[in-house]
Number of protein chains: 2
Amino acid sequence: MGTVWHCQAVTSANIAGAVRQGSLRELNLAVVLGRIATADRPPSRAAIAADTGLTRATVSAVVDDLIAGRLVAEVDPEPRTGAGRPARGLRLAADGPAGLGLEINVDYLAACVVDLAGAVRHHEVRRADLRPLSPTEALARLVELAGRARAAADRLGLTLAGATLAVPGLVDAHGLVRLAPNLGWRDVDVPALLAGHPPLTGTVDGVPALTVDNEANLAALGELHAVPGTASFLHVSGEIGIGAGIVLDGALFRGARGWSGELGHVPVDPAGPRCRCGGRGCLETYAGQEAILGAAGLAGADLPADTAARRLADLASAGDPQARAALHAAGTALGVAVAGVVNLLDLDTVVLGGGYATLAPWLRPPVATELTARVLTAAWSPVSVRAAALGPESAVVGGAGAVVRRIVARPSGWLGRRE
Amino acid sequence: MGTVWHCQAVTSANIAGAVRQGSLRELNLAVVLGRIATADRPPSRAAIAADTGLTRATVSAVVDDLIAGRLVAEVDPEPRTGAGRPARGLRLAADGPAGLGLEINVDYLAACVVDLAGAVRHHEVRRADLRPLSPTEALARLVELAGRARAAADRLGLTLAGATLAVPGLVDAHGLVRLAPNLGWRDVDVPALLAGHPPLTGTVDGVPALTVDNEANLAALGELHAVPGTASFLHVSGEIGIGAGIVLDGALFRGARGWSGELGHVPVDPAGPRCRCGGRGCLETYAGQEAILGAAGLAGADLPADTAARRLADLASAGDPQARAALHAAGTALGVAVAGVVNLLDLDTVVLGGGYATLAPWLRPPVATELTARVLTAAWSPVSVRAAALGPESAVVGGAGAVVRRIVARPSGWLGRRE
DNA sequence: CCCATTTAATTCAACCACTGAACAAATAGT
DNA sequence: ACTATTTGTTCAGTGGTTGAATTAAATGGG
């Protein structure tokens, strides 16, 4: 996919771009900023030099650039034992660039602002049934939210460096929403419709200010952001459909054309019930929201995802046998599908997100059972199954986080933006 | 998604190494060599400069290093129209470093030598039933083959820069064969057993001279090598078991622990027949060699993979209805499993390899049918299904190719090897 | 046939960014 | 106060790219 910095595959084949003179500094800016971002306590220049193998002189020069560009700030030295000149700690600036995350979903709109360090500095959710609205109307309301987020960022001294919009549907490489069935959208050109709304239009140093992405993908990124420990996992978003975000080595895997993650249509039983996709026995017909609600005796409720999950969870914790059986059946089907994925990709962690996060107490046991039974390598390296750390905010936060993550990965773009 | 670039994680691999002074040249060596390797006709220095954005001066300097290190050779200018001094073409050297590929399988041993340009310069297959032999005995025979390959390389003026051994089983990161069920191997430490056999022991500039890898993985690499066009595909190896090699963006995906590709145990029907892995209804119970032979009325034949495939193909082309039905059923099951994979990973190509390559004429239709029916994005971007270009040699050639590919990706290692 | 034109490759001074060592700054211990 | 110790900066030195000028080798027109 790409130009200079594409998502790197397992082999570090850096043959993408030529290395010009200035690339050296460009790369070292990224190296040093990366260390500052991933360190658990503010590191000193000397510590970074020791870690990276660069000279202290080089690190100092690089850090000067980063501070001048408002990406890094110095903090007072933390009390330390032993002799020697005290180190000045370095951390990501809390008043530099920030990312704007936006989300359009079936029953709410959301916006949030995340600073370089990953802290959520502003967050607003507005509930409303979006289905009766046209894309233009829905986006108009989104622009309002974005405006308020921008104002909040200004008050906080933050500069919005880009925005990411999460949509529950298939999005192509240009931000065109090919299909968002639950919103009733088809071929909606979001960037074109938003043209003229300042924070969401144009390009920032060659990068479009607004990126549109699938909700499940961004939710997976949000989880990566919230729990930085695990580098490879499968994030399953249980909503009306079932999406999966695949994170490999700390990077989202998007597939050959960017439409990876359609876990909902992985076959569970080839002779099973007919699915709206045309296949038979897809996971969605067993563990989709409609299927679970139907099995639990709540058919036809037509609830938004989180309400449905909440109600199921209430019933299950009250001991309702039908609800529990429904969840057990769904968890088993989910386990079968996920076992196939884990066998194929050899992942060690499965995260239950979206509506499944709420239902995790009842879904986890059957999922884990199937994984233990069906995953070939489960015997000597067990697969862990856990609920998502962030709840439904995962996608907005993940989207905003993706913006700042891009800056951290390639700070030269931000530093050279004025020229 | 949005656009061309990918959201990169902070923990991504390319911030791992600091960029020191010499890295500049190191990277540009890789960039220039990469262009020479991937160009369809020998490019000139000027063309490389124009392509990469480097100066002609820099390209000349880099090319001088590459020629001095016997990685690149000049060829006579090809007749060209128009005025101007004729360009001197550059191509990968045919007398520089080469890769040694080795394979141990149930019924044969193989060795081959591949030069930098990817040409197979030596190839030897020795048929023998390996199952009654101990690992030590089997490896002793392999060492003989390797010795002859080395002699052949010497005669051709090639220097072996490393070796890769393909094994039909699970291999860990250190070359330990955890389990090779069809060979009857368990926890066989191949590098230790080969210690003392010169081309297969020790390290070459930090990289072990011998790499051991799963046969299915290497077969996928061989296919990538043979048909360089497709960058992302699923390579399915139908042998006694069913393995898959996943190639994403031109690189093999190995999973979190290196055990990806267990397609044989992806569930096809959760209530299906019990599988030797402990699960139920795994793909292997429908499309494994034993299952197909049984359904075709050849149960208990205990044939080596390619013989079995050959005999089935003969029966099917003779019109035998039982064989055809067996292949159709296997293809359908395979299609169901692969549809799940394609939905999840969004791949656009599926390659039928190993024994399946021979059976492709009968397997392809049902596989394609299932994919069309079950893959969500099939409507607007069809998935192509084809037989492997290389037959059973895929794995040896892929292994040897992996050695030279590593040199092309990081030529500085080879160039600096003497010091 | 000679010379202008064109494209390829090399040479060389300039420059950018890293290197290594020396030095200044700031603290703890004696 | 003095030394040991660690941090951060300054500065000459160097590797490698840059850009322009130069040489090399062909075509084509007069």
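Just so it is clear, the model here is predicted, and its values are computed rather than measured. Order of the sequence lines sets the chain letters (A, B, ...), proteins ahead of strands, with each chain counted from 1.
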Undergrad: With side chains defined as the heavy atoms from C-beta onward, is the minimum distance between Val32(A) and Val63(A) less than 4.5 Å?
TA: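 They are in side-chain contact.
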Undergrad: Whole angstroms only, please: what is the CG-C1' distance between Leu27(B) and dT17(D)?
TA: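 Rounded to whole Å, this separation is 13 Å.
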Undergrad: Considering all heavy atoms of both residues, which atom of Ile407(B) and which atom of Pro97(B) are nearest to each other, and what is their separation?
TA: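 Ile407(B) and Pro97(B) have their closest heavy atoms at CD1-CB, 3.8 Å.
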Undergrad: Rounded to the Å, how far apart are Glu26(A) CD and dT17(D) P?
TA: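 Taking CD of Glu26(A) and P of dT17(D), I get 15 Å after rounding.
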Undergrad: Both Ala46(A) and Arg25(B) contact DNA chain D. Which one's nearest nucleotide lies toward the 5' end?
TA: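 Closest to the 5' end, via its nearest nucleotide, is Ala46(A).
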Undergrad: Considering only heavy atoms from C-beta outward, does the side chain of Leu158(A) approach that of Val113(A) to under 4.5 Å?
TA: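 The answer is yes, as the side chains (C-beta and beyond) meet within the 4.5 Å cut-off.
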Undergrad: Measure from CG on Asp65(A) to P on dG8(D) and round the result to the nearest Å.
TA: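 From Asp65(A) CG to dG8(D) P: 17 Å.
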Undergrad: Between Asp64(A) and Ala83(A), who's closer to the 5' end of DNA chain D by nearest nucleotide?
TA: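 Nearest nucleotide further toward 5': that of Ala83(A).
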Undergrad: Taking CG from Leu54(B) and C1' from dA8(C), how many angstroms apart are they, rounded to a whole number?
TA: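 Answer to the nearest Å: 17 Å.
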Undergrad: Less than 4.5 Å apart, any side-chain heavy atom of Leu33(A) and any of Val31(A)?
TA: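 No. Closest side-chain heavy atoms not under 4.5 Å.
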Undergrad: Please give, in whole Å, the distance from dA9(C) P to Leu66(B) CG?
TA: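 It is 15 Å, rounded to the nearest whole Å.
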Undergrad: From dC18(C), dG20(C), dG8(D), pick the nucleotide closest to the side chain of Ala87(A)?
TA: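 So the side chain of Ala87(A) is nearest to dG8(D).
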Undergrad: Measure from the side-chain heavy atoms of Leu24(B) and tell me the nearest of dA9(C), dG16(D), dC18(C).
TA: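 The closest nucleotide is dG16(D).
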Undergrad: Answer whether the closest heavy-atom distance between the side chains of Pro42(A) and Leu90(A) falls below 4.5 Å.
TA: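 Side-chain contact under 4.5 Å: no.
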Undergrad: Is Ser60(A) touching bases, backbone alone, or none of the nucleic acid, heavy atoms closer than 4.0 Å?
TA: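 Base contact.
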Undergrad: Starting at atom CG of Leu29(B), determine the distance to atom C1' of dT17(D), rounded to an integer number of angstrom.
TA: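 So the CG-C1' distance, Leu29(B) to dT17(D), works out to 13 Å.
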Undergrad: To the nearest Å, give me how far apart CZ (Arg45(A)) and P (dA24(C)) are.
TA: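 Checked: the CZ to P distance equals 19 Å.
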Undergrad: Closest approach to the side chain of Asn28(B), judged atom by atom: which nucleotide of dG20(C), dT17(D), dG8(D) is it?
TA: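 Of all the options, the side chain of Asn28(B) is nearest to dT17(D).
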Undergrad: Whole angstroms only, please: what is the CD1-P distance between Ile48(B) and dT7(C)?
TA: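 Computing the Ile48(B):CD1 to dT7(C):P distance gives 19 Å.
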Undergrad: Between Ser44(B) and dA9(C), does any side-chain N or O lie under 4.0 Å from OP1 or OP2?
TA: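 Affirmative; the distance criterion is met.
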Undergrad: Suppose we call a contact any N or O donor and acceptor under 3.5 Å apart; does that hold for the side chain of Arg56(B) and the base of dA9(C)?
TA: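 Such a pair exists between side chain and base.
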Undergrad: Could I get a table of every N or O pair under 3.5 Å where one atom is in the protein and the other is in nucleotides 23-25 of chain D?
TA:
residue, atom, partner, partner atom, Å
dA24(D), O4', Arg85(B), NH1, 3.4
dA24(D), N3, Arg85(B), NH1, 3.4
dA25(D), N3, Arg85(B), N, 3.4

Undergrad: Is any side-chain heavy atom of Leu248(A) less than 4.5 Å from a side-chain heavy atom of Phe253(B)?
TA: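 Touching, per the 4.5 Å side-chain cut-off.
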Undergrad: Taking for each residue the nucleotide of DNA chain C bearing the nearest heavy atom, is the 5' side occupied by Arg88(B) or by Gly53(A)?
TA: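 In this pair, the answer is Arg88(B).
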Undergrad: Which nucleotide sits closest to the side chain of Thr58(B): dA20(D), dT17(D), dG8(D)?
TA: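 Selected nucleotide: dT17(D).
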Undergrad: Quick check against the 3.5 Å criterion: does Thr52(A) have a side-chain atom that pairs as donor or acceptor with the backbone of Leu54(A)?
TA: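 Yes.
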Undergrad: The criterion is salt bridge (charged side-chain N to carboxylate O under 4.0 Å, His left out); which residues satisfy it with Arg25(B), sequence neighbours excluded?
TA: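 Salt bridge (charged side-chain N to carboxylate O under 4.0 Å, His left out) check on Arg25(B) returns Asp65(B).
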